[in-house]
Amino acid sequence: MLGALQFGVLAASIVLFVPMGMAGWHLSRNKMLFFSGALFITLAVGVHLTPYFPSISDLVSSLSASVVLENRDSCVSFLHEIVWDVQPVRVSEFSSNSSNYEESWSWAQSTPVTACGFQKLGRSDASDLLNGSWIVVAGDSQARLVVLSLLNLVLDPEEMESIRGDLFKRHSDYKALIKGIGVRLDFIWAPYTRNLTELLMEFKHNRQYPDVLVMGSGLWHMLHITDAMDYGVSLRLMRRSLVSLLPISPDFGMDGPVTGSISIRSPHMFWLGMPTLVSSMLNTEEKREKMSSVMYDAYNSELYESKLLRQSGGPLLLLDIQSLSRNCGALCTVDGMHYDGVVYEAAIHIMLNALLIESQQQL
Ligand SMILES: *[C@@H]1O[C@H](CO)[C@@H](O)[C@H](O)[C@H]1NC(C)=O
Ligand SMILES: *[C@@H]1O[C@H](CO)[C@@H](O)[C@H](O)[C@H]1NC(C)=O
Ligand SMILES: *[C@@H]1O[C@H](CO)[C@@H](O)[C@H](O)[C@H]1NC(C)=O
């Protein structure tokens, strides 16, 4: 008979060393899994060991990897549990930004969120994670702001200044090769869903797929076409071409021109949701009239009904800009539509943590 102490030590070793071993095995192939390993351990210890420690039989039964995986899966649903801190700051006459508020965010301190061990990655961790990958962000000005946040994270301020002009040429693509970390980052100006569908067909035609794909549309269509049903049709067409893209051949990513460290089987795909619109702040009469809350809701329900998103059985994980921007609040926007950098920064960190979780799941 094993005593309780030996059992505890054995169990703890399994929880600690099995994932470490797995991470170690992949480390040679894939350095990013180091982070996943760390996340895995945090999870295993946080979710299982602590609550179950007094009861050894529960502990043993909870040790199966599948249970841990299940929990990791549920971590994805906590990614948006973010709290905001928006404080007025003294207005400086030299302040170049229009915001007189100090805005910051962090993950909520509730038990499940803490157990998931989400982390804001710093420049070098983000660079390690993304090293060698091809990232495509396609959409309207919201997508451009996401690109800006991502660049802000991986570039130093001087490099950032030098590219700002190129990135903000209106209505044009922007392609960057970030040499230090071999990241290819493409912003594709694709204001309508149909533009996104064309992009997908282009990937298919060229048989080259990005490692990370972030897409979003809606605002442009709402303003210029103002027809939720038509938007729904375009989303369903897009879903069809997305599904025809998947699954991608198993050797994808292994012998292409870009061998991303996060490409394992298929691209990691995200949908960039529309921001919360603050009607009274929209800067033209046309916008205030056409982008009403009724129209906004109709567009969102078309999105859910199109089954593009994971939560309705689709392939795309939602980066929920609507909830992030709503919770940051009207103080975080000057035109009721484009929000301050923090909102998109939070979205980037949600995406990076989702990538950590997903890469681990694909083992
Ligand atoms: C705005 O400017 C102030 C001072 O220049 C700075 O501390 C603050 O972080 C800036 N806020 C944003 C959202 O860029
Ligand atoms: C990225 O990967 C390359 C090749 O594996 C390596 O030489 C380089 O140091 C890495 N850069 C960073 C920032 O991790
Ligand atoms: C996007 O799609 C619209 C409508 O199909 C088309 O008129 C426009 O040229 C496309 N724009 C780009 C950048 O592909």
Side-chain angles (χ1 to χ4, degrees), residues 134-151 163-177 184-246 258 267 269-275 277 282-284 286-287 289-292 295-296 298-309 314-316 318-319 321 335 337-338 344 347:
W134 177 23
I135 304 167
V136 173
V137 182
D140 55 23
S141 52
Q142 300 292 316
R144 201 191 296 271
L145 290 167
V146 162
V147 170
L148 182 67
S149 280
L150 185 55
L151 288 170
I163 58 145
R164 194 176 282 269
D166 288 336
L167 180 58
F168 279 93
K169 281 196 191 114
R170 266 175 76 80
H171 306 173
S172 63
D173 296 353
Y174 170 76
K175 303 196 178 204
L177 195 62
R184 183 174 153 200
L185 174 60
D186 294 348
F187 166 71
I188 311 286
W189 172 248
Y192 294 108
T193 316
R194 290 186 169 83
N195 304 127
L196 297 173
T197 307
E198 276 167 26
L199 179 67
L200 293 172
M201 300 327 286
E202 207 177 300
F203 291 146
K204 190 172 187 180
H205 179 259
N206 297 338
R207 302 173 66 86
Q208 282 184 8
Y209 306 92
D211 304 293
V212 180
L213 178 59
V214 183
M215 299 180 290
S217 76
L219 294 177
W220 204 264
H221 191 285
M222 198 189 300
L223 181 61
H224 297 289
I225 300 182
T226 327
D227 179 348
M229 294 251 293
D230 182 76
Y231 178 62
V233 170
S234 70
L235 290 173
R236 278 181 276 274
L237 276 173
M238 180 186 156
R239 184 180 199 276
R240 209 169 303 155
S241 59
L242 248 185
V243 170
S244 82
L245 231 63
L246 303 166
V258 177
M269 299 191 295
F270 300 88
W271 181 258
L272 191 62
M274 291 188 292
L277 299 177
L282 295 176
N283 56 15
T284 65
E286 188 190 14
K287 284 181 186 162
E289 188 186 312
K290 292 184 170 169
M291 307 177 98
S292 65
M295 192 54 73
Y296 183 89
Y299 269 64
N300 257 343
S301 51
E302 288 294 336
L303 174 62
Y304 287 96
E305 279 159 29
S306 72
K307 298 193 166 45
L308 262 174
L309 303 183
L316 304 179
L318 176 67
L319 297 175
I321 301 292
D335 66 1
M337 179 186 289
H338 302 95
Y344 306 97

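Just so you know, ligand 1 is whichever comes first in the structure, and atom 1 is the first atom listed for that ligand.
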Residue pairs passing the salt bridge (Lys or Arg N to Asp or Glu O under 4.0 Å) test with at least one member in residues 139-151, sequence neighbours excluded, are none
With sequence neighbours left out, the residues meeting salt bridge (charged side-chain N to carboxylate O under 4.0 Å, His left out) with D173 are none
Rounded to the nearest 0.5 Å, the CD atom of Q142 sits from the CG atom of L219 at a distance of 5.5 Å
message: Does the plane of the ring in H171 sit parallel, tilted or perpendicular to the ring in W189? Use 30° and 60° as the thresholds.
response: parallel
Close N/O pairs between ligand 3 and protein, under 3.5 Å:
residue  : atom   : partner : partner atom : Å
ligand 3 : 2 (O)  : N195    : OD1          : 3.3
ligand 3 : 2 (O)  : N195    : ND2          : 2.3
ligand 3 : 11 (N) : N195    : ND2          : 3.0
ligand 3 : 14 (O) : N195    : ND2          : 3.2

Taken to the nearest 0.5 Å, the spacing of S217 OG from L196 CG works out to 5.5 Å
Quick note, salt bridge (Lys or Arg N to Asp or Glu O under 4.0 Å) partners involving residues 218-245, not counting sequence neighbours, are R194-D230, R236-E302
